Amino acid sequence: MNFTVSLSPSGRQFVAASDKPILQSAEAAGLILPYGCRNGACGACKSRLLAGEVEHGPSPEATLPASERTMGQILLCCAQPRSDLSIEAREAEALRDMPIKTLPCRVERLERCASDVMMVALKLPANERLQFRAGQYIQFLLKDGKKRDFSIANAPHDDSSITLHIRLVPDGHFTRHVFEGMKVKEIMRLRGPLGTFYLREDTNRPILLLAGGTGFAPIKALIEDAFHRGITRPMTFYWGARDQAGLYMDELARSWTETHAGFRYIPVLSDVSPDAGWSGRTGLVHRAVLEDIDDLSGYEVYACGAPAMIDAARQDFAERGLPADAFFADSFTYAAEAGA
Ligand code: FES
């Protein structure tokens, strides 16, 4: 059975089948709505149902608690329509002409940035290009049929190779292979670009960027892209890690403060020992933002890290006045890798 879905504020409509997630029907109609993981884990597709009824399907309680369901929140990647719907969701217009491709690639370089972080540079075939927006991710299509998602760490103007920052996941077969078995020239298959995490440009709001650990990868791409394109909105980057080693490109981030007047960098460590000689900020990275800024109503936030960090930031920033549509997140979903 088919229903009509109307989007607010654009007023666009599409037909959605009752046996498919709303996100999938939107894509079939050529509309790109916000998404990340596509499996209920990240919350990037969370939207408000203004009218109509849905079946929440496999929406996990952790991502969409009962309290949010009663407030009309839905996950577009899980919910199926049960009537005509009106949904508040902004389309990712900037991705409209960006084809998602499946391509072979070759490992060009492997560089250990920290004991548990590997920079992997991938080369595409000479006649291929991957068009993408800074902040998007690619998916490795593994031989056993599994898929692994990683954010692209380079900006689109610097696309001689695709670079990823891969963190070693305890018991993760793929990431262990990256650290122990992967060789230069190894052939992989990737699909991308994916996700709707990219810099919105319909506002002049100052930008707060928040990264936990290797959440730095897409944030690095956003920052380098913004610099390259001469975006002059003030940017403050908070990078959280357990210890100094976790700030694996600290020097690069510090160098940006010297070359770009409107850019600030605030590293925050959560588990630093007293004899480490650290005189900087400590605690949870999103709390550092709250310590610095009382009223977030005029900002736009881009956050990438573990789900707990993203959820806490989303909630606490909203309490400080950040509008829901000014918070963009790319949430890690390590869990899928563990034990795989
Ligand atoms: S895309 Fe729907 S929860 Fe991640």
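If you're wondering where the values come from, they're calculated on a predicted model, not measured in any experiment. Start at 1 and go down the list; that is how both ligands and their atoms are numbered.
Atom 4 (Fe) of ligand 1 has an N, O or S atom of C42 inside 2.8 Å of it. Residue contacts to atom 2 (Fe) of ligand 1: C37 brings no N, O or S atom closer than 2.8 Å.
Among protein heavy atoms, atom 3 (S) of ligand 1 sits closest to G43 N, 3.1 Å.
Closest approach of N154 to D159, counting heavy atoms only: ND2-CA, 4.0 Å.
The aromatic rings of Y265 and W239 are tilted relative to each other, their planes meeting at an angle between 30° and 60°.
Cation-pi check for R229 over F227 is not met; the charged atom does not lie both under 6.0 angstrom from the ring centroid and within 45 degrees of its normal.
Per-residue contacts place G40 under 4.0 angstrom from the following atoms of ligand 1 (heavy atoms of the residue considered): 3 (S). Residue-ligand proximity, C77 to ligand 1, at heavy-atom distances under 4.0 Å covers atoms 1 (S), 2 (Fe), 3 (S). Distances below 4.0 Å separate heavy atoms of C45 from the following atoms of ligand 1: 1 (S), 2 (Fe), 3 (S). Those atoms of ligand 1 with a heavy atom of R38 less than 4.0 angstrom away are 1 (S), 4 (Fe). Applying the 4.0 Å criterion to heavy atoms of A41 picks out, from ligand 1, the atoms 3 (S).
Transitive grouping of hydrophobic side chains (ILVMFWY, heavy atoms separated by less than 4.5 Å) brings L124 and I138 into a common cluster.
When heavy-atom distances to ligand 1 are checked against a 4.0 Å cut-off, C78 has no atom that comes that close, whether in backbone or side chain.
Across R314, K46, R48, a single residue satisfies salt bridge (charged side-chain N to carboxylate O under 4.0 Å, His left out) together with E68, and that is K46.
Salt bridge present: K146 and D144 bring a charged side-chain N and a carboxylate O closer than 4.0 Å.
Looking only at atom types and distance, the side chain of Y302 has no donor-acceptor partner in the side chain of D330 under 3.5 Å away.
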